[in-house]
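All residue numbers refer to positions in the sequence shown, counting from 1.
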Amino acid sequence: MTVPAGEVIFNVKNDGTVLHEFVVLRTDLAEDALPEASDAAEVNEADAALESMGEVEDVEVGASKSFTATLTPGTYVGICNVVGHYGSGMHIHFTVS
């Protein structure tokens with residue numbers, strides 16, 4: 001997936017059965033190879049290989065939230081960073097051009 005550089009609005013809806021969040025990270029790492037925290041089954045968002053571009057937290061079942069990020073050309077990953085969710089495959093790679 002490719003999106004144009006500039007302001008991007010992320011509209012997040014939780015159609016699942018448990019709480020989620022959505023985090024956008026700029027990185028050159030593969031979407032399934034992000035550094036994990038040593039004390040929990042989640043991504044270490046403070047790692048130097050990652051640049052957080054924004055997020056929505058605590059998206060309850062059936063709820064929607066949004067945020068806007070200004071993205072420059074490069075590679076990005078969107079993840080759910082609730083404990084255990086990233087490791088179960090809740091991530092997506094996209095490119096900004």
(request) Check whether any side-chain heavy atom of V43 sits under 4.5 Å from a side-chain heavy atom of L50, and report yes or no. (result) yes

(request) Say whether, by atom type as modelled, one donor and one acceptor occur between the side chain of N44 and the main chain of P35 under 3.5 angstrom. (result) no

(request) Indicate the ring-plane relationship of F67 and F10, choosing parallel, tilted or perpendicular according to the 30° and 60° boundaries. (result) parallel

(request) Working to the nearest 0.5 Å, report the span between NZ of K65 and CG of D58. (result) 5.5 Å

(request) Looking only at non-hydrogen atoms, find the nearest pair between T2 and S97 and report the distance. (result) CG2-OG, 3.4 Å

(message) Are V59 and V82 linked, directly or through intermediate hydrophobic residues, by side-chain heavy-atom contacts shorter than 4.5 Å (ILVMFWY only)?
(response) no

(request) Indicate if F22 and V61 have the same hydrophobic cluster label, given that clusters are the connected sets of ILVMFWY residues with side-chain heavy-atom separations under 4.5 angstrom. (result) no

(message) I'd like to check L25 versus I79 (side-chain heavy atoms, cut-off strictly below 4.5 Å). Are they in contact?
(response) yes

(message) If I compare all heavy atoms of A49 with all of L29, which pair ends up nearest, and what's the gap?
(response) CB-CD1, 3.7 Å

(request) Starting at OG of S52, measure out to CG of D47 and round the result to the nearest 0.5 Å. (result) 12.5 Å

(message) Show, in sequence, the C-alpha distance, side-chain angles and deciding distance for H85 and H91, and conclude whether the side chain to side chain contact (heavy atoms under 4.5 Å, CB included) test is met.
(response) CA-CA 9 Å; H85 291 197; H91 47 76; over 6 Å; no

(request) Establish whether M53 and V12 are linked, either directly or via other cluster members, by ILVMFWY side-chain heavy-atom contacts under 4.5 Å. (result) yes

(request) Would you sort out whether V3 and F94 count as a side chain to side chain contact (heavy atoms under 4.5 Å, CB included), showing the intermediate values? (result) CA-CA 8 Å; V3 298; F94 64 98; 4.1 Å; yes

(message) Show the nearest heavy-atom pair for residues A5 and V96, with the distance to one decimal.
(response) CA-CG1, 3.4 Å

(request) Kindly indicate, with the supporting measurements, whether the criterion side chain to side chain contact (heavy atoms under 4.5 Å, CB included) is fulfilled by M1 and T95. (result) CA-CA 6 Å; M1 172 176 24; T95 302; over 6 Å; no

(request) Decide yes or no on side chain to side chain contact (heavy atoms under 4.5 Å, CB included) for T27 and L34, but give the supporting numbers first. (result) CA-CA 9 Å; T27 184; L34 303 183; 4.0 Å; yes

(message) Side chains of N81 and E45 only: does a donor on one sit below 3.5 Å from an acceptor on the other?
(response) yes

(request) Sorted by first residue and then second, give each salt bridge (charged side-chain N to carboxylate O under 4.0 Å, His left out) pair with at least one member in residues 2-26; sequence neighbours left out. (result) K13-D15

(message) Quick one, L71 and Y76 - any side-chain contact, counting heavy atoms below 4.5 Å?
(response) yes

